[in-house]
Amino acid sequence: MCGRYSLFAPPEDLEERFDAAFAEPFSPTYNAAPGQRLPVVTDERPETIRQLEWGLVPSWADDDGDGLINARAETVDEKPSFRAAYRGRRPREGNEESTDSARSGRCLVLADGFYEWVETESGKRPYRVAFPDDRPFAMAGLWATWEPETTQTGLDAFAGGAADDPDGDALETFAIVTTEPNDVVADLHHRMAAIVELEDERRWLEADDPRDALDPYPPDELRAYPVSTAVNSPANDEPALVEPVESV
């Protein structure tokens, strides 16, 4: 799985790399965690870097709790939580199945490294997987919009009064797609984030079935190294977290 990652490249570098502009200010993070709002590029607005909450909540969910942080590449077109997003079923002219509350699709999740944990005699040891130069890359993602029900009750329902949730704010969320590990990650975990190769990024957003873009990333370009156990806590977020430490 992919449960923690980093993104500390300067915003202007990310805008140039992904040919998109930030919709709102972004502060670099060395310890991105589920529940946080983090940068993605969606198929709906590929010219914009938006910040969505990590933990996908399907549009049909009863509530917004327990978002799904990962989606398996092998079943993204089958699982009810992900298949609409994978198929890119968003509101379009002539698409009667889609509604404003069912907006979903594919996205690129911006990162420059991700963490995996290895069981050792002294406990779990975190490792960071990244390019040697820490250049940013895209992980395959799926996004969805969830809205609370706004049913009316009592006299208000007859009088056209306020709904139960007058604000009705939509929640936009995402999950990271995982795939089989390459040789770098295999010793750390049985799954890895699906890193999308540069030439496949637009295809992941636009193609009808870009399944082969989810193949394990070639291992020759990546490195894995042990980092401080301070990364175990999402409360810690500082440059020292990505620095190599001696393996125990």
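Index from 1, following the sequence. Remember, predicted model here, so these are calculated numbers, not experimental data. Only heavy atoms go into these numbers, but all of them, side chains included; no hydrogens, no water, no symmetry mates.
Inter-residue side-chain proximity for Val118 and Tyr127 is flagged as met; some heavy-atom pair is nearer than 4.5 Å. Residues Glu24 and Gln51 meet the side-chain proximity criterion, which asks for heavy atoms closer than 4.5 Å. Two residues are said to be in side-chain contact when any heavy atoms from C-beta on lie closer than 4.5 Å; Val109 and Phe114 fail this criterion. Contact annotation: the side chain of Pro39 approaches that of Phe22 to within less than 4.5 Å [non-hydrogen atoms, C-beta and beyond]. Put simply, the side chain of Ile49 reaches to within 4.5 Å of the side chain of Leu110, judged on heavy atoms. Taking the side chain as every heavy atom from C-beta outward, Thr75 and Arg72 approach each other to under 4.5 Å. For the pair Val242/Val227, no side-chain contact is recorded, criterion being any heavy-atom separation below 4.5 Å from C-beta on. Under the 4.5 Å side-chain criterion, counting only non-hydrogen atoms from C-beta, Met192 is not in contact with Met139.
Ion pairing between a basic and an acidic side chain is recognised when a charged N comes within 4.0 Å of a carboxylate O; Glu74 and Lys79 show no such pairing. With salt bridges taken as basic N to acidic carboxylate O contacts below 4.0 Å, one links Arg128 and Asp134. Taking the charged nitrogens against the carboxylate oxygens, Arg211 and Asp77 do have a contact shorter than 4.0 Å, which makes a salt bridge. Of the charged side-chain nitrogens involved, none lies within less than 4.0 Å of a carboxylate oxygen, so that Glu119 and Arg125 do not count as a salt-bridged pair. Arg203 has a carboxylate O that lies under 4.0 Å from a charged side-chain N of Asp212, or vice versa, which qualifies the two as a salt bridge. Salt bridge Glu16/Arg135: absent, no basic N to carboxylate O contact under 4.0 Å.
Atoms CG and CD, on Asn31 and Gln36 in that order, are 7.5 Å from each other to the nearest 0.5 Å. A distance of 8.5 Å separates SG in Cys107 from CG in Leu56, rounded to the nearest 0.5 Å. Arg4 CZ to Thr29 OG1: the interatomic distance, rounded to the nearest 0.5 Å, is 9.5 Å. The distance from atom CG of Asp63 to atom CG of Leu171, rounded to the nearest 0.5 Å, is 11.0 Å. For the atom pair Leu108 CG and Leu205 CG, the distance stands at 4.0 Å (nearest 0.5 Å). From Asp215, atom CG reaches atom CD of Glu180 across 10.5 Å, with rounding to the nearest 0.5 Å.
Cation-pi contact between Arg106 and Tyr86: present, with separation from the ring centre below 6.0 Å and deviation from the ring axis of at most 45°. With Trp146 as the aromatic partner, Arg103 does not meet the cation-pi criteria of under 6.0 angstrom to the ring centre and within 45 degrees of the ring axis.
Taking all atoms of both residues into account, the shortest heavy-atom contact from Tyr217 to Asn182 is O-ND2, 2.7 Å. Considering all non-hydrogen atoms of both residues, Leu38 and Ala33 come closest at CD1-O, 4.2 Å. Between Ala144 and Ser104, the shortest heavy-atom contact is CA-CB, 3.9 Å. The two residues Pro46 and Arg202 make their nearest non-hydrogen contact at CB-NH1, 2.9 Å. Taking both residues in full, the closest heavy atoms of Ala73 and Arg191 are given as N-NH2, 3.8 Å, listed atom of the first, atom of the second, then distance. Contact detail for Thr145 and Ser59: the closest heavy-atom pair is O-CB, 3.4 Å.
Hydrophobic clustering (ILVMFWY, side-chain heavy atoms < 4.5 Å, transitive): Phe26 and Tyr30 are in distinct clusters. Residues Trp54 and Ile195 fall within the same hydrophobic cluster, defined by Ile, Leu, Val, Met, Phe, Trp and Tyr side chains chained together at heavy-atom separations under 4.5 Å. Note: the hydrophobic cluster containing Val41 also contains Val76 (ILVMFWY, side chain heavy atoms under 4.5 Å, direct or indirect links).
A donor-acceptor pair shorter than 3.5 Å cannot be found between the side chains of Trp204 and Asp43. Side-chain contact of Thr178 with Asn70: a donor-acceptor pair under 3.5 Å is absent, judged by distance alone.
More than 12 heavy atoms of other shown residues, nucleotides or ligands fall within 6.0 angstrom of atom CG in Asp13. Within 6.0 Å of the CG atom in Asp209, the count of heavy atoms belonging to other residues, nucleotides or ligands exceeds 12.
Between Phe137 and Phe131, the gap from one ring centroid to the other is short of 6.0 Å. Note: Trp143 and Phe82 fail the aromatic proximity criterion, with ring centroids not under 6.0 Å apart.
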